[in-house]
Number of protein chains: 2
Amino acid sequence: MRNGAEAPFGPGAHERCRDCRGFEDCPLREFPHSGHEGDVRAVSRTLERGEHVFRTGDAADFVVFLKSGALKTYTLSPAGEEKVISFYFPGDLVGLESMGLRRQLLSAEALSPCRVCALPCEELQDAGSPSRPALRRVLEHASRRLRCDASMLALLAHRSAEERVAAFLLELARRLSDRGDPALRFELKMTRADIASYLALAVETVSRVLTRLQESGVIEIERNRRVCILDSGAMEAIVGTPATGPALWSGAGLRRDSGDSVRPLNACGTSAPRVGAHR
Amino acid sequence: MRNGAEAPFGPGAHERCRDCRGFEDCPLREFPHSGHEGDVRAVSRTLERGEHVFRTGDAADFVVFLKSGALKTYTLSPAGEEKVISFYFPGDLVGLESMGLRRQLLSAEALSPCRVCALPCEELQDAGSPSRPALRRVLEHASRRLRCDASMLALLAHRSAEERVAAFLLELARRLSDRGDPALRFELKMTRADIASYLALAVETVSRVLTRLQESGVIEIERNRRVCILDSGAMEAIVGTPATGPALWSGAGLRRDSGDSVRPLNACGTSAPRVGAHR
DNA sequence: CGGCAGCTTGAGCCCAATCAACGTCCGTGG
DNA sequence: CCACGGACGTTGATTGGGCTCAAGCTGCCG
């Protein structure tokens with residue numbers, strides 16, 4: 001949404017996966033020909049803020065692994081307005097929604113400097129190529145994204161601006177902290193306009209809500225982009241005793257013990273469970 | 001949301017897949033042990049309107065193939081209100097969003113008499129079991145659902161009640177016609193409340209919009225449930241020169257010819273491309 | 001120091017939610 | 001067959017949250 005067209009993944013950018021810092025956590029690891037066995041099929045790229053990984057209509061013959069940075073996907077209405085569909089963070093797979101198609105359905109734009117890695121996925125079309133573990137891993141990512149979408153759909157229905165923004169900030173905090181303890185202090189890589197579009201609100205409303213939250217001492221915002229959640233309890237209360245967003249994975253309705261009762265909290269994000277070493 | 005708890009898939013309901021009318025189109029076909037080779041692992045069931053396939057918190061160790069009828073998935077807010085996440089029609093896979101988890105995230109309820117078929121999916125967790133074609137097929141369904149969700153997210157953002165309802169009816173028409181020519185006359189299996197919840201509107205608003213659409217001669221409604229789209233052109237105009245919903249797959253932005261330019265229209269639905277024989 | 005993109009703040013209005021009442025359909029039982 | 005009851009649907013009146021329009025402000029870059 002900033003620069004013109006860049007070649008998505010040119011031939012020059014190939015890289016050996018075994019040299020990749022994110023090797024261990026890469027969900028594409030067990031694809032054959034992905035470079036993990038030594039050949040050079042994985043294509044890696046660095047993007048500046050505002051650059052596109054792909055645009056609507058580009059060939060959809062790859063899946064993208066986000067190694068570092070942040071992305072958004074969006075669609076353009078015929079009127080030309082951008083609707084943000086989702087945000088992506090390190091460890092996420094981007095472009096899953098276009099896997100069966102020949103063309104990308106959405107556009108993916110870097111919100112900050114990014115390192116991404118693309119695996120050409122003709123292999124997925126061909127019968128024999130991708131290994132089952134790799135397929136299962138991709139499927140797991142897809143499933144996680146479906147959960148994320150379900151939560152978003154629930155959030156957008158009948159929830160006030162305040163609830164949406166609070167839920168958004170809480171989820172961001174969860175997703176940005178790779179593990180356990182939510183990082184209560186983080187940087188918003190996206191603009192107010194992006195947030196507004198994502199939450200189906202007007203920019204002004206997002207701004208007002210943030211101001212209100214600040215005035216009530218629940219959060220603090222420094223220099224427009226750094227957010228600090230001062231009272232996460234109050235935030236959760238605003239979202240509404242684990243409301244529709246979180247309710248999806250907060251364990252409401254879980255009849256039996258163990259296992260998922262904690263994990264699903266993390267499952268909301270698209271973020272992979274463990275994404276250690278990328279930086 | 002109607003009867004009490006039913007055992008999701010009891011041991012008595014097993015059936016030989018080769019006897020199943022939907023055999024050829026079944027996306028679970030190539031799972032080993034799914035009964036397709038003769039053993040009896042696929043579990044099939046008939047549901048009445050109002051019965052649940054599964055509920056939030058049930059074991060999520062299966063994926064469900066909908067052979068006939070219609071389903072909705074929903075989540076309950078702590079306050080107990082139901083938020084409809086999605087509708088399902090013959091050929092769809094239900095429960096993909098819970099695949100990585102142990103427990104179902106959503107509840108799935110029959111909107112009409114249904115025939116469903118469940119495949120226990122421990123196989124997906126184990127390394128070697130599911131065949132790659134089967135995994136790819138499931139992945140394709142997941143991808144299609146992600147597209148559907150993206151379209152929904154776009155539809156719920158900044159679209160008026162009229163646009164939402166019109167888009168909903170048009171998409172229903174598309175999904176219900178298994179192939180090509182949209183069926184302009186069909187039955188709403190879901191209640192106004194379901195539609196309202198799905199579209200994030202109040203029941204009264206849905207009702208009012210339907211009345212308005214009828215008065216302007218764009219649609220006709222007989223006996224509350226049978227819808228007839230009289231002027232699909234006008235409907236599309238309301239949605240807004242292929243607006244945000246359809247815009248996702250209407251080909252806007254497709255730079256090159258061929259292939260997807262027609263297909264994506266169908267890709268919006270969760271419905272599989274070809275679901276012939278189920279009735 | 002300007003310039004510009006992004007952000008905030010204010011005033012007014014409008015669409016859809018809410019509340020309340022009525023109508024309709026359909027199954028059940030007399 | 002009709003009467004009853006409950007779920008579902010419609011219609012009307014009112015209200016309020018968030019959108020819109022319109023300035024003004026902030027922080028960042030050249």
Side-chain angles (χ1 to χ4, degrees), chain A residues 1-3 48-50 72 77 79 81-84 109 111-112 155-166 168 187-215 219-227 238 240 244, chain B residues 1-3 48-50 72 77 79 81-84 109 111-112 155-166 168 187-215 219-227 238 240 244:
Chain A
M1 212 52 213
R2 182 165 309 228
N3 289 329
E48 291 309 312
R49 177 185 155 92
K72 69 175 173 186
S77 75
E81 327 147 325
E82 185 180 305
K83 158 63 190 167
V84 172
E109 180 186 334
L111 298 171
S112 68
L155 184 66
L156 294 189
H158 302 295
R159 326 279 315 154
S160 72
E162 219 121 23
E163 292 170 304
R164 293 183 205 191
V165 173
F168 172 71
E187 185 169 344
L188 293 176
K189 304 290 188 185
M190 64 292 287
T191 67
R192 299 290 191 271
D194 288 333
I195 299 174
S197 172
Y198 182 59
L199 296 178
L201 295 170
V203 195
E204 295 94 326
T205 306
V206 172
S207 184
R208 273 186 259 265
V209 169
L210 287 176
T211 307
R212 225 176 300 156
L213 288 176
Q214 238 179 139
E215 282 168 352
I219 64 171
E220 192 173 13
I221 301 181
E222 314 155 0
R223 295 171 59 257
N224 268 348
R225 292 296 181 102
R226 290 213 69 80
V227 173
I238 290 171
T244 333
Chain B
M1 212 48 211
R2 183 165 308 230
N3 289 329
E48 291 308 312
R49 178 186 154 91
K72 69 175 173 187
S77 76
E81 326 146 326
E82 186 181 306
K83 160 62 191 166
V84 172
E109 180 186 333
L111 297 172
S112 68
L155 183 66
L156 294 189
H158 301 295
R159 325 281 312 153
S160 72
E162 219 121 21
E163 291 169 304
R164 292 184 204 190
V165 172
F168 172 71
E187 185 170 344
L188 294 175
K189 304 290 190 185
M190 64 292 286
T191 66
R192 299 289 191 275
D194 289 333
I195 299 173
S197 172
Y198 182 60
L199 296 178
L201 295 171
V203 196
E204 296 93 325
T205 306
V206 171
S207 185
R208 273 187 259 266
V209 169
L210 286 177
T211 307
R212 225 176 300 155
L213 288 176
Q214 239 180 137
E215 281 167 352
I219 64 169
E220 191 174 12
I221 301 181
E222 315 154 0
R223 295 170 62 257
N224 268 349
R225 292 297 180 100
R226 289 213 69 80
V227 174
I238 290 172
T244 331

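Bear in mind the structure is a predicted one, so any value in this text is a computation, not a measurement. Each chain gets a letter, A, B and so on, in the order its sequence line appears, and its residues count up from 1.
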Think B:R225 has a side-chain N or O under 4.0 angstrom from the OP1 or OP2 of D:dC8?
-> no
Taking CG from B:L210 and P from C:dA16, how many angstroms apart are they, rounded to a whole number?
-> 14 Å
Pairing residues for A:E220 by the salt bridge (charged side-chain N to carboxylate O under 4.0 Å, His left out) criterion, not counting sequence neighbours | none
With sequence neighbours excluded, residues passing salt bridge (charged side-chain N to carboxylate O under 4.0 Å, His left out) with B:E162 | B:R212
Write down the atom of B:R49, the atom of B:K189, and the distance for their closest heavy-atom approach.
-> NH1-O, 3.6 Å
Identify each donor-acceptor pair in which a side-chain atom of residues 192-200 of chain A lies under 3.5 Å from a protein atom, sequence neighbours left out, and give them as a table.
unit_1: A:R192; atom_1: NH1; unit_2: A:N224; atom_2: O; d: 3.1
unit_1: A:R192; atom_1: NH2; unit_2: A:N224; atom_2: O; d: 3.0
unit_1: A:D194; atom_1: OD1; unit_2: A:K72; atom_2: NZ; d: 2.7
unit_1: A:D194; atom_1: OD2; unit_2: A:T191; atom_2: N; d: 3.3
unit_1: A:D194; atom_1: OD2; unit_2: A:T191; atom_2: OG1; d: 3.4
unit_1: A:S197; atom_1: OG; unit_2: A:E82; atom_2: O; d: 3.3
unit_1: A:S197; atom_1: OG; unit_2: A:V84; atom_2: N; d: 2.6

Heavy atom of residues 193-207 of chain B under 4.0 Å from DNA chain C: which residues?
-> B:A200, B:L201, B:A202, B:E204, B:T205
Can you check the B:R212 CZ to D:dT10 P distance for me, whole Å?
-> 13 Å
Whole-Å distance separating the CD1 atom of A:I221 from the P atom of C:dG6 = 17 Å
Indicate, with a heavy-atom threshold strictly under 4.0 Å, whether B:R164 touches base, sugar-phosphate, or nothing.
-> nothing
For residues B:I221 and B:L188, determine if any side-chain heavy atom of one lies less than 4.5 Å from a side-chain heavy atom of the other.
-> no
Those residues that, when tested against B:E215, pass salt bridge (charged side-chain N to carboxylate O under 4.0 Å, His left out) (two or more places apart) = none
Examine C:dC26: is either OP1 or OP2 under 4.0 Å from a nitrogen or oxygen in the side chain of B:R223? Give yes or no.
-> yes
Per-helix bend value, the helix from C:dC1-D:dG30 to C:dG30-D:dC1, C1' rotation axes over five pairs per end, 10° rounding, shows 40°
Rounded interatomic separation in angstrom, taking CG from B:L188 and P from D:dA7 = 21 Å
Please check the phosphate of C:dT8 (OP1 and OP2 only) for any side-chain N or O of A:R192 closer than 4.0 Å.
-> yes
Is there a side-chain polar atom (N or O) of B:R208 under 4.0 Å from OP1 or OP2 of D:dG9?
-> no
